[in-house]
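Have a look at the structure below, then the notes.
Within every chain, numbering begins at 1; the chains are lettered A, B, ... in the order of the sequence lines, protein sequences first and strands thereafter.
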There are 2 protein chains.
Amino acid sequence: MAKPLPLLTNPAPERRDAARNREALMSAATALVAEVGVRGVTMDALACRAGVGKGTVFRRFGSREGLMAALLNHSETEWQAAVMGGPPPLGPGAPPLERLLAFGESRMLLNLRHAELIEAAGNPGARSVAAVSFTTMHVRYLLGQLRVEGDLGYLATALIAPLEIIVLREQVEPGSAPIDRLVAGWSDLTRRVVGMT
Amino acid sequence: MAKPLPLLTNPAPERRDAARNREALMSAATALVAEVGVRGVTMDALACRAGVGKGTVFRRFGSREGLMAALLNHSETEWQAAVMGGPPPLGPGAPPLERLLAFGESRMLLNLRHAELIEAAGNPGARSVAAVSFTTMHVRYLLGQLRVEGDLGYLATALIAPLEIIVLREQVEPGSAPIDRLVAGWSDLTRRVVGMT
DNA sequence: GGTCGAAACGGACCACAGTCCGCTTCTATT
DNA sequence: AATAGAAGCGGACTGTGGTCCGTTTCGACC
């Protein structure tokens, strides 16, 4: 009973050396990606660049995929902030259908921009939990605002699916650059699902 | 002019030893997958099991992903035959909407069944070219039969997207087994896109 | 049958992701 | 301030994907 209550001792205060290394690793990783591209980043090089041992890198990120997920997480968070609190039509304030269409275009461009990183981050890990559920929840919410009836969870997933890079790639690669066509196509799809104009 | 016409000497007769090794590799690979699972198959083990050198394995398949793609290709071909010439409603003979709905369910189950293999095969390589374009063409054709108007290529891709494993996984894993719900959801989605009951 | 060029073979070799475990550094307790 | 125990560290080590290149095998043409 001499210990302070568990609730007061926060889960993990994080030691000072650990914090220093974390920061060194993140900035080194960012720099490396900028220099040699996502594919060229090796865990050995990262450890060396950050001035830490390889074991430390794996302690932090668990795996190469975990590292990529951590890098993704940063810009993903910014984007989520823009959706939740940024200016309309992406952020709140615009009519739901406008917000939804803005969401689709924005997400599509974001995924195209981060294509390499997303693929290197793989399926499992921290990414899916955070990113996928957020986008699904948001679209589901907008569908509700639009008084759409049916399995909103499924419809939300179905609308987001064609925005994933794995799907976008096959459309972008061969036919040069019909991004306008993709935006228009998604808009049409969404209107059909929503049920009018 | 002494040579036989090029059209008669087919592009690549394939040497006998090469053919023998190809067969040995394919059956060894199938056996290994059955024994230790997709993840447990290593290229070294495969080479050893088939009684060839490692270089031969890579000559055949190019990479681990290529090997998985080759394994996938087999069942994929069977499935395509069922779609093109099997019994209705998946095969020809049923009304277009019924065929389309049967297609969705069948494709969904196929992707779930081959989940491990598909993921191990990765994005690039022979798989996308064959599988993706076939499914897209087929759906596009059915949409045309249904007199749907708009960018049929995009709509086809959008309908197929939620059937990909990368999307299915997030729906199947957490909520146990609502496969019926997925089938119903896709059916609803399709009816909305097509434009009527 | 003998010869020649090309295709195929195979195992030594390399690079990189990921593990292991002894050592160091921190924080809490007295 | 000293100490004990835990958290963190780091680099040697392992397993596997993938490459390289000298050797073998094939098939076509004399």
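The side-chain heavy atoms of B:Leu32 and B:Thr42, taken from C-beta on, include no pair separated by under 4.5 Å.
Close to C:dA8, at under 4.0 Å from its OP1 or OP2, lies no side-chain N or O of B:Asn21. Regarding contacts with the backbone of D:dG27, a side-chain N or O of B:Arg16 is found under 4.0 angstrom from either OP1 or OP2.
Counting heavy-atom neighbours within 6.0 Å of B:Tyr141 OH, excluding the residue itself, gives a total of 12 or less.
Under the salt bridge (Lys or Arg N to Asp or Glu O under 4.0 Å) criterion, A:Glu35 pairs with A:Arg49, sequence neighbours left out.
Relative ring orientation between B:Phe103 and B:His138 is described as tilted, the plane-to-plane angle lying within the 30° to 60° band.
Protein atom CZ of A:Arg39 is 15 Å distant from nucleotide atom C1' of C:dA15, rounded to whole Å. Atom CG of B:Asp17 and atom C1' of C:dA7 are 9 Å apart (whole Å). Put simply, CG on B:Leu32 is 13 Å from P on D:dT16, counting in whole angstrom units. When rounded to the nearest whole Å, the span between CG of A:Leu67 and P of C:dA17 equals 10 Å. Rounded to an integer number of Å, the gap from A:Arg64 CZ to C:dT19 C1' is 18 Å. Regarding A:Arg20, its CZ atom lies at a distance of 7 Å from the P atom of C:dC26, rounded to whole Å. Taking atom CZ on A:Phe61 and atom C1' on D:dG8, their separation rounds to 15 Å, with Å as the unit.
When hydrophobic clusters are built by joining Ile, Leu, Val, Met, Phe, Trp and Tyr residues whose side-chain heavy atoms come closer than 4.5 Å, directly or via intermediates, B:Met84 is grouped together with B:Leu143. Taken together through direct or relayed side-chain contacts under 4.5 Å among Ile, Leu, Val, Met, Phe, Trp and Tyr, B:Leu72 and B:Val36 form part of one hydrophobic cluster.
For A:Arg60 and A:Glu23, the salt-bridge test fails: no basic side-chain N is under 4.0 Å from an acidic carboxylate O.
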Tabulated below should be each protein N or O lying under 3.5 Å from an N or O of nucleotides 2-6 of chain C; please produce it.
none

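A heavy atom lying under 4.0 Å from DNA chain C marks the following residues of residues 41-60 of chain A, by number: A:Val41, A:Thr42, A:Met43, A:Lys54, A:Phe58.
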For a side chain to side chain contact (heavy atoms under 4.5 Å, CB included) check, start with the C-alpha distance between A:Leu110 and A:His114, then their side-chain angles and the critical distance, and finish with the verdict. CA-CA 6 Å; A:Leu110 184 76; A:His114 294 172; 3.7 Å; yes
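Both tests pass for B:Arg107 against the ring of B:Trp79: distance under 6.0 Å to the centre and angle within 45° of the axis.
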